[in-house]
Asks: 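My questions will all concern the structure given below.
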Amino acid sequence: MKPAKFLTARSTVMTLLIAVSSALLLTCFLPQRSSGDGNIPPWVGRLPEQFHFLSSLLGLDNIVGAGWFAFLVGLFSCSLIFSTLAQYKTAMSQARRLPSGSIPDESIRLKLSPSLLAQRLQTAGYRLAGSGEGVERYVKNRWGYWGNFLIHLGLVTVVLFSLVYIVTRHRVLLRLTGGEMTLLTPGNFVEMKGVMPLQRRLPAGISLIRLEPRFWKNDKLEFLSSELSFTDRPGSQPRRVDVALCDKSQYGPFIVYQMNAYGRAFDLLFESPRGERHGQRFFLPYPPSHMKAGYGDTALEGTDLLLKGKFYTDSKRQSMKLNSPPLYLRLQRGQELLGEVTLQPGAAKVLGPLKVTLTRSSWWTDILLEGSRGTTGIFAGFAVILAGVLISYCLVPREIIVRESGGTLHLQQVARRFALFYREEFADIIQARQSGES
Amino acid sequence: MNGSLAVVVGIHWGAVILYVLATIMFIVGQFFEKPRFVRRGLQVAVPGLLLHGAGLLIWWRMVGHGPYIDRFEVLSSNAWILLCAFLLFSIPYPRLKGVGIIVFPATFILVALGLFFNPEIKTLPPTFRSVWLVLHIIFYKIAFSSIIIAFAYSLFFLLIKRNRLKRLVRVLPDLPGIDMYAYRFAGFGFTFWAIGMLAGSIWAYQSWGSFWNWDPVQTWSLVTWGVFGIYLHLRRFFAWQGERAAWLYTVCFVLTIVSLFLTPLFQSSIHAEYFK
């Protein structure tokens with residue numbers, strides 16, 4: 001069996017499709033290295049000894065990066081390429097083929113000059129696509145022959161560019177706080193890397209210079225933008241980058257996105273009765289309206305205590321604009337309330353067993369750096385698939401084969417799909433001719 | 001602003017009255033085989049469509065965004081596109097006219113329903129500003145129109161099969177023809193639904209840097225598209241036709257209604273302001 005025939009056989013295609021889909025499904029159930037921080041996920045360590053070898057052989061913690069998966073996708077791509085070539089040849093032969101001169105039983109007999117019929121067919125949108133010994137082939141919607149080819153071409157494009165995306169995937173999500181530089185050191189950001197990430201160098205640090213939320217009269221968010229400052233390496237000249245929701249920017253190889261999340265960050269300094277001090281930053285989301293608060297809670301580091309907080313945009317609750325809002329704090333151990341305070345920046349108060357000082361409050365927001373490649377190709381591939389679907393669905397090619405025998409014309413209509421749908425069109429051509437004749 | 005709102009509401013009610021008149025004439029014409037009434041019905045629908053379109057344009061100018069957020073504007077624009085698609089398709093396919101028995105009442109019911117929801121000027125979230133969003137919505141509206149037309153044919157098939165709609169049989173294609181029309185328009189809806197999802201995916205990527213968020217509205221949309229795919233696949237490769245295909249299509253139609261109009265009401269999503 002020729003390799004092309006084997007790769008395009010229905011059973012091979014179905015097997016490959018099921019194998020690739022099952023592998024991808026498995027990645028949903030087994031935490032993968034590529035979806036985390038690049039480290040081996042904990043479940044691998046919990047496996048019994050005898051399964052370790054099997055797990056590392058099959059690369060179960062990094063399925064998309066495993067050799068066997070690449071082999072499967074490679075085979076699938078080859079199968080698609082061969083299918084695309086086959087579709088190309090089929091479309092070419094369908095567009096050019098000339099039917100035999102033998103008259104089928106279902107053809108309709110007409111006594112009419114070929115030139116008059118040709119004129120009538122022309123009016124109905126049929127064009128001469130070939131002629132031979134006593135036979136002429138008229139086709140309407142010749143583009144329709146190329147629909148399947150385009151679908152396959154689009155599939156090849158999507159699969160190949162998806163591979164590019166998987167390989168080059170590099171997304172970095174980080175939270176920035178106003179007035180300080182966030183260094184891109186491990187622990188300060190979440191990074192999602194592809195199988196073989198190109199070593200795109202991250203900037204050394206990013207500062208949030210300014211965050212500007214704007215609101216409609218009904219308190220809904222109208223606009224959110226950030227002015228950022230990127231420092232390529234320590235000591236180098238920073239570069240300003242402006243982003244807004246729905247208005248991304250480019251920084252080197254990365255696309256910078258403004259994310260939806262934003263609010264106020266409160267820097268708190270806690271002092272225990274023994275005089276131990278520790279600082280903690282409390283991120284609260286921006287309130288959804290001027291009458292409602294932005295709520296949040298967090299575990300107090302190094303204790304079993306829960307810190308709950310809220311703030312309003314305006315202490316008089318009249319506007320969505322920030323107007324020196326106090327921070328309301330509650331300290332709980334389980335359900336037991338230990339204390340509650342209201343703090344203005346710089347103020348220090350007692351909160352249950354602790355003394356707390358609000359040292360600073362500033363804006364925070366999330367930023368995404370997207371360095372993956374291949375998305376344009378994936379979208380282009382889908383667009384080609386849809387063009388193929390539209391062409392093969394809306395431009396169904398119809399043929400009228402005209403055979404001449406003994407001064408009589410024999411007409412046969414052929415539609416590869418929805419033949420029933422076009423029978424009236426054929427009847428109209430016949431009917432119109434008869435009317436014209438009379 | 002209140003004056004403008006009153007104008008828009010008045011124009012919409014004017015369109016509803018014209019649509020109701022068109023519906024009565026059209027249905028009487030079809031049932032009693034009076035082509036003159038059918039023609040008059042279509043003629044009355046056209047000024048209704050123009051008036052309705054003018055109302056939508058004024059509304060668009062008033063609120064500063066397309067008709068895709070508030071329930072009133074969503075339903076009204078869906079109705080406009082439905083009637084427009086029906087009238088346009090009827091030109092190359094005159095046999096399609098029979099489906100007006102469903103399309104005309106559906107149009108005025110959608111507009112009236114929108115008016116009963118109290119038109120409200122909704123503000124646009126910052127992520128709702130993209131040409132891809134506009135394309136995403138237009139394609140879904142076109143898909144919705146063809147899905148309604150296909151549903152009308154599936155319904156005709158089921159009713160005629162049970163010896164109902166005897167008066168209509170003469171103006172509609174024969175049963176295999178009705179079945180074929182349902183298949184064709186279902187495929188058309190499926191294709192535009194897919195293009196709508198693709199445009200939405202590009203919009204999401206442009207806005208948030210991710211193609212897909214498994215948001216409830218997105219998930220239901222994908223499920224609906226998948227079921228439409230199964231319907232078409234069964235018809236194309238497993239020769240499903242007739243009654244069982246019509247019943248399966250009815251399931252597809254119910255899913256369409258759920259994903260377009262019910263999911264946004266029950267679950268919060270990134271389609272935050274849509275149809276709320």
Side-chain angles (χ1 to χ4, degrees), chain A residues 125 158 165 171-173 192 213-225 243-248 254-261 366-372 375-376 378-383 385-394 396 417-425 428, chain B residues 64 69 92-95 120-133 139 146 173-181 183-199 201-211 213 229 232 235-237 241 270 272-273 276:
Chain A
V158 168
Y165 183 81
R171 290 160 71 85
V172 176
L173 184 69
M192 287 151 277
R214 261 203 329 255
F215 301 91
W216 297 101
K217 281 179 185 166
N218 62 3
D219 292 351
K220 294 273 171 66
L221 186 67
E222 182 192 353
F223 179 77
L224 180 66
S225 69
V243 284
L245 270 178
C246 250
D247 188 9
K248 56 192 191 296
F254 292 100
I255 302 170
V256 186
Y257 286 94
Q258 166 73 58
M259 304 306 281
N260 280 307
D366 287 345
I367 295 291
L368 173 74
L369 305 182
E370 168 66 283
S372 317
T375 48
T376 311
I378 295 171
F379 287 135
F382 275 120
I385 291 173
L386 291 169
V389 171
L390 270 178
I391 284 176
S392 63
Y393 204 80
C394 299
V396 176
R417 278 182 292 130
F418 312 117
L420 202 61
F421 197 71
Y422 301 111
R423 63 188 173 172
E424 284 174 9
E425 180 184 87
D428 283 349
Chain B
I69 301 286
Y93 304 111
R95 299 280 278 182
E120 234 183 284
I121 296 171
K122 294 270 175 72
T123 52
L124 215 58
T127 45
F128 277 47
R129 281 189 210 100
S130 163
V131 66
W132 288 105
L133 170 71
F139 289 131
S146 15
D174 56 10
L175 271 180
I178 291 175
D179 195 32
M180 185 59 71
Y181 270 106
Y183 181 20
R184 288 287 278 158
F185 278 96
F188 202 67
F190 171 81
T191 308
F192 276 93
W193 194 282
I195 300 174
M197 277 203 296
L198 179 66
S201 192
I202 296 174
W203 165 48
Y205 188 72
Q206 300 269 344
S207 302
W208 302 284
S210 64
F211 316 103
N213 296 56
L232 293 171
R235 292 206 66 141
R236 174 92 168 87
F237 298 105
Q241 53 184 341
I270 52 166
E273 302 296 319
K276 286 278 167 62

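Below, chains carry the letters A, B, ... as their sequence lines are ordered, and counting in each starts from 1. Everything numeric in this text was worked out from a predicted model, so none of it was measured. Keep in mind that the numbers below use all heavy atoms, side chains included, and drop hydrogens, waters and symmetry copies.
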Asks: Report yes if some heavy atom in the side chain of A:Phe418 is under 4.5 Å from a heavy atom in the side chain of B:Tyr183; otherwise report no.
Replies: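 Side-chain contact under 4.5 Å: yes.
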Asks: So which part of B:Phe211 gets closer than 4.5 Å to some heavy atom of chain A, the side chain, the backbone, both or neither?
Replies: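 Answer is side chain: those atoms of B:Phe211 sit under 4.5 Å from chain A.
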Asks: Using non-hydrogen atoms only, which part of B:Phe192 is less than 4.5 Å away from chain A: side chain, backbone, both, or neither?
Replies: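 The side chain, not the backbone.
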Asks: Who passes side chain to side chain contact (heavy atoms under 4.5 Å, CB included) against A:Asp366, sequence neighbours left out?
Replies: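 A:Asp366 satisfies side chain to side chain contact (heavy atoms under 4.5 Å, CB included) with A:Arg175, A:Met259, A:Ala261, A:Trp364 only.
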Asks: Answer with side chain, backbone, both or neither: which region of B:Tyr93 has an atom nearer than 4.5 Å to a non-hydrogen atom of chain A?
Replies: side chain
Asks: With only heavy atoms counted, which part of B:Arg236 is less than 4.5 Å from chain A, the side chain, the backbone, both or neither?
Replies: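 Answer is side chain: those atoms of B:Arg236 sit under 4.5 Å from chain A.
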Asks: Where does the angle between the aromatic ring planes of B:Phe188 and B:Phe185 fall among parallel (under 30°), tilted (30 to 60°) and perpendicular (over 60°)?
Replies: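 Ring orientation of B:Phe188 relative to B:Phe185: perpendicular.
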Asks: Check each atom of A:Leu221 against the heavy atoms of chain B and say whether the ones under 4.5 Å are side chain, backbone, both or neither.
Replies: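 For A:Leu221, heavy atoms of backbone and side chain both lie under 4.5 Å from chain B.
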Asks: Can you establish whether the number of heavy atoms outside B:Tyr205 located under 6.0 Å from its atom OH is more than 12?
Replies: yes
Asks: With a 4.5 angstrom heavy-atom cut-off, could you sort out which part of A:Glu425 is near chain B: side chain, backbone, both or neither?
Replies: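 Neither the backbone nor the side chain of A:Glu425 comes within 4.5 Å of chain B.
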Asks: Does A:Tyr257 have any ring pair (Phe, Tyr, Trp, His ring centres under 6.0 Å) partners at least two apart in sequence or in another chain, and if so, which?
Replies: none
Asks: Mind ranking A:Leu368, A:Thr375, A:Asp247 by heavy-atom pairs under 4.5 Å with chain B and telling me who comes out on top?
Replies: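 The residue among A:Leu368, A:Thr375, A:Asp247 with the greatest pair count is A:Thr375.
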Asks: Check whether A:Phe254 forms a cation-pi arrangement with A:Arg171 (NZ or CZ under 6.0 Å from the six-membered ring centre, at most 45° off the ring normal).
Replies: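 Relative to the ring axis of A:Phe254, which defines the angle, A:Arg171 lies outside at least one limit.
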Asks: Go through the atoms of A:Glu370 and report whether side chain, backbone, both or neither lie under 4.5 Å from a heavy atom of chain B.
Replies: side chain
